Amino acid sequence: MKALLFQGVESVSYGSIPDPQIIEQTDAIVKVKQCAICGSDLHPYHGREKGLDHNTAMGHEFVGEVVELGNKTSGLSNGDKVMSPFTTNCGDCYYCNIGLTARCIKSQLFGWLDNGVGLQGGQAEYVRVPDASSTLHKIPEGVSWEEGLLLGDVFSTGYYSAYQAEILPGGTYVVIGCGPVGLMAVIGALELGAEEVIAIDTIPERLMKAREFGAEVIDFQSEDPLGTILDRTEGRGADAVMEAVGQTRAARMAVDLVRPGGIISTVGVCTDEHLTFSPIEAYDKNLTFKMGRCSARHFMEKLIPVVQEKKYDISSILTHRMSLSEGVEGYKIFSSKTNNCLKVVLEP
Ligand code: NAD
Ligand code: ZN
């Protein structure tokens, strides 16, 4: 089959690898209808995250049709249209039972093979899905392929970031980073009752999108976010800051912007060795710092009614629709954040 294959720093190729096979009887094979490139794919692409084997099929955001099932699966049939979280989950362990599906004891991340161990990704014609019955979710009525694709990661992750921020009406909330995840955090915060959301970035079309979704915006290159946030909060700072960048600089900004007793909810994946705030700074701010991988399988189910309501045009962040064979170019455009690109969706 054809797939987008990792070849090293800033290098992805469109090439062939063997078709996936059922390995465990709990597996399914999904024929990919659409897949997307994520900010998380950029960490190995730019060489910030190490350990990914060359020739691994990239990607963890995909939707498609079930074409083969192991004999220990249930609740799925060939031909079902399915969406998938970006990690697998067994549905049965301690973590799955408390909704922390991202930390399932059998969890595997799609598109990550390290020394031959792991799972091929979804930027391919077909993908093997372990623990298919508990990982996959049938795409319900009123949810499009594209919305299913976004539920599998960025919509769930953005919403999770807002959920962790413990939004209350009347508060001042900040989202750092207006990539796909940050934009979905804006929507998540509004959906959870925020009345004032301020989104920070510097790319004009991303700021425009944040405004369109209901945030006020700050371009951090031309305006000092700290001065503005302090002015608006009688000098206190934001009640919570959602960080959706994944750089120490952004985490640092979050610490500066949050008020004493406030919450930082970080979903950005920071590959640096250390964060740049001290224990005493955290102590002096009575800071609550939350971070981690989104339990997308848990949140995608919660968010189905929000998607069905069509209150937000989440698919409008999919600015570039290309064929899988054009994926190498897709990586170039998405990673350089040029051509007004917010997010790339690919079809095999
Ligand atoms: P992206 O690269 O498209 O977006 C990042 C945005 O941050 C860009 O618009 C960029 O201009 C902006 N930015 C950079 N530095 C900034 C700064 N100092 N202040 C404000 N804005 C700044 O990526 P994305 O797809 O939106 O993903 C964002 C992050 O979320 C990535 O680190 C990704 O790995 C992570 N992520 C985490 C999870 C999870 O489960 N926790 C899931 C998906 C993605
Ligand atoms: Zn992703």
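Owing to the predicted nature of the structure, the values given are computational and were not obtained by experimental measurement. Order of listing sets the numbers, starting from 1, for every ligand and every atom in it. FYI, the numbering just counts along the sequence from 1.
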For ligand 1, which is the ligand I care about here, please tell me if Gly182 has any N or O atom under 3.5 Å from one of the ligand's N or O atoms. no
Answer side chain, backbone, both or neither: which part of Cys294 comes under 4.0 Å from ligand 1, heavy atoms only. both
Which angle, to the nearest 10 degrees, do you find at the Zn ion (ligand 2) between SG in Cys38 and NE2 in His60? 110°
Residue portion contacting ligand 1 (non-hydrogen atoms closer than 4.0 Å) for Ile203: side chain
One thing to verify: whether Arg232 and Glu196 come together as a salt bridge, which I'm taking to mean a side-chain N less than 4.0 angstrom from a carboxylate O. yes
Would you mind telling me if ligand 1 is within reach of the side chain of Lys343, the backbone, both or neither, using heavy atoms under 4.0 Å? neither
Taking non-hydrogen atoms only, is Tyr160 closer than 4.0 angstrom to ligand 1 via side chain, backbone, both or neither? neither
Proximity to ligand 1 by part of Thr202, non-hydrogen separation under 4.0 Å: neither
Same cluster or not: Val186 versus Phe155, using hydrophobic residues (I, L, V, M, F, W, Y) connected whenever any side-chain heavy atoms lie under 4.5 Å apart? yes
Could you see which bit of Thr157 sits under 4.0 Å from ligand 1, with heavy atoms only: side chain, backbone, both or neither? side chain
Any ion pair linking Lys209 and Glu205 (charged N to carboxylate O, less than 4.0 Å)? no
Are Arg321 and Glu146 close enough for a salt bridge, meaning some N to O gap below 4.0 Å? yes
Please give the atom name: the N, O or S atom of Asp153 nearest to the Zn ion (ligand 2). OD2
With a 4.0 Å cut-off on N to O distance, would you call Arg252 and Glu281 a salt bridge? yes
According to the interplanar angle, ranging from 0 to 90°, do the rings of Phe289 and Phe277 count as parallel (below 30°), tilted (30 to 60°) or perpendicular (above 60°)? tilted
